[in-house]
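First the proteins, then the strands, lettered A, B, ... as listed; each starts at 1.
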Protein chains: 2
Amino acid sequence: MAVTDRRKQVLASAAQSFATFGYKATTMDQVAKIANVGKGTIYTFFANKEELFDEILYGAILDMKKIADREISRDKEFFDNLYRVLDRLLEYRREHELFIKLSHEVRDFGTPQALEALDKVENVILEYMERELKLALDNKEIKPCDPKIVANVILRLYITLTTESRKSSEPLNKEEIKHYFRLFLSEGLAEVRDVTV
Amino acid sequence: MAVTDRRKQVLASAAQSFATFGYKATTMDQVAKIANVGKGTIYTFFANKEELFDEILYGAILDMKKIADREISRDKEFFDNLYRVLDRLLEYRREHELFIKLSHEVRDFGTPQALEALDKVENVILEYMERELKLALDNKEIKPCDPKIVANVILRLYITLTTESRKSSEPLNKEEIKHYFRLFLSEGLAEVRDVTV
DNA sequence: AAGTGACCGTTAATGAAAATTAGTCACTTT
DNA sequence: AAAGTGACTAATTTTCATTAACGGTCACTT
């Protein structure tokens, strides 16, 4: 069997295992078994468990970058793009088994590698937003501000709106989320008072 | 010694112990010792450890309500009041030893009673904001919205801005926080384009 | 040369014994 | 008799020694 095939075999098996069992509960013995290779073989491709995991994570992050690039349309306005891409990225994150499992692992065991992985994903999203905010600043579409801070606020806002479940009431639907998103980020909450209708 | 004195003695000792050691690490033996009463005496005033804790928590919550009422001026505008009261309340929460200890306890051990206590405090703050938002709605100071959702967003926004530390850069100063607070809640991020200057 | 799995040192799970704790109540003090 | 107490109990938590599982290696096989 060709070297690249074996490598791919290992990667596929590891991806499946990490997504099903999380970081901690995935053992190298198991990956070797699923991949139908000896354990030693894994170590000819990857220095250790963390590097194997990182490569799979990097693949998922590449997917997210592709999603963002595909979803963005330079002819549409800033807030539209922002909301749509953020929605897609977080949907991807929310629905991918690997990230679901990693979230649970952080909650239940606090596994450092799982936490680090989720942080990396968050940073990718933040970096994307920072870039877009800088473009919007150059085009004078938004008021002067620190893109880093605003990117953070926007992400937190989105997360707050999408997890508005815990206390009473069911989570907001997409239209409601979009409405509040626009209210805070674009229009502002204050009623306009000095404009004659 | 009068009954009320003994009760106060117990409360004071318990308050000190909860603030110093947290919920879990405060033992009824220790409270009795500090208060200079037999352990049985505590149980003539409080049914159990949780009720003793609740009474102390309730005291702190009363303090917060007083702070909010004192800080609010009906002649000042809505966002000014909102920001100032929120700032005072969270400063109180941030600087009171009991709440600091309880936060650590939740982080380190996940003690359910500590979590519940912090939730109660958060709810007091949310309820206060909800009330103020309803007033502002009646006065048409803010656009139509669900006060519950907006209260939540505002609290998260404040917390995001005040803990903008982890990733690089030092935390924002009060003026900066106020600036961003105003930017998102009052004015909106979008640059106004259709107004001739 | 490429691939392997038994083996190694370290870390984590297990469970039984020991210690600690919230809450009680028979007894002491006032 | 009313108020106060701390030794006691049942339940929980901590401790610790033993066992099991793990990541990573390397002498050996293919």
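- For A/Lys39, no side-chain nitrogen or oxygen approaches OP1 or OP2 of D/dA21 to under 4.0 Å.
- If you check every strand for non-hydrogen atoms under 4.0 Å, A/Thr27 touches sugar and phosphate atoms only.
- In this structure, CZ of B/Phe45 is placed 13 Å from C1' of D/dT5, rounded to the nearest angstrom.
- The shortest side-chain heavy-atom distance between B/Leu189 and A/Ser186 does not fall under the 4.5 Å cut-off.
- Tested against B/Tyr83, the residues B/Tyr180, B/Phe184, B/Phe181 include a single ring-ring contact (aromatic ring centres under 6.0 Å, His included) partner, B/Phe181.
- A/Asp29 places its CG atom 13 Å from the C1' atom of D/dA20, with the value rounded to the nearest Å.
- Defined by atom type and a distance below 3.5 Å, a donor-acceptor pair is missing between the side-chain atoms of B/Tyr43 and B/Asn48.
- With rounding to whole Å, A/Gln30 atom CD is found 17 Å from D/dG24 atom C1'.
- Applying the Watson-Crick and G-U wobble criteria (two distances, each under 3.5 Å), D/dA7 pairs with C/dT24.
- In terms of modelled atom types and a separation under 3.5 Å, the side chain of B/Glu176 and the main chain of B/Asn173 share a donor-acceptor contact.
- B/Asn36 places its CG atom 13 Å from the C1' atom of D/dG4, with the value rounded to the nearest Å.
- Rounded to whole angstrom, the span from the CZ atom of B/Arg6 across to the C1' atom of D/dA2 amounts to 13 Å.
- Across the protein-nucleic acid pair, B/Lys49 atom NZ and C/dG23 atom P stand 8 Å apart, rounded to whole Å.
- Considering only side-chain N and O atoms, A/Arg7 lies nowhere under 4.0 angstrom from the phosphate OP1 or OP2 of C/dG3.
- One can place CE of A/Met28 at 13 Å from P of D/dC22, the figure rounded to the nearest angstrom.
- Mapping A/Ala25 and B/Gly38 onto DNA chain D via the closest heavy atom, the residue that lands nearer the 5' end is B/Gly38.
- The separation between A/Lys24 atom NZ and D/dA21 atom P is 14 Å, rounded to whole Å.
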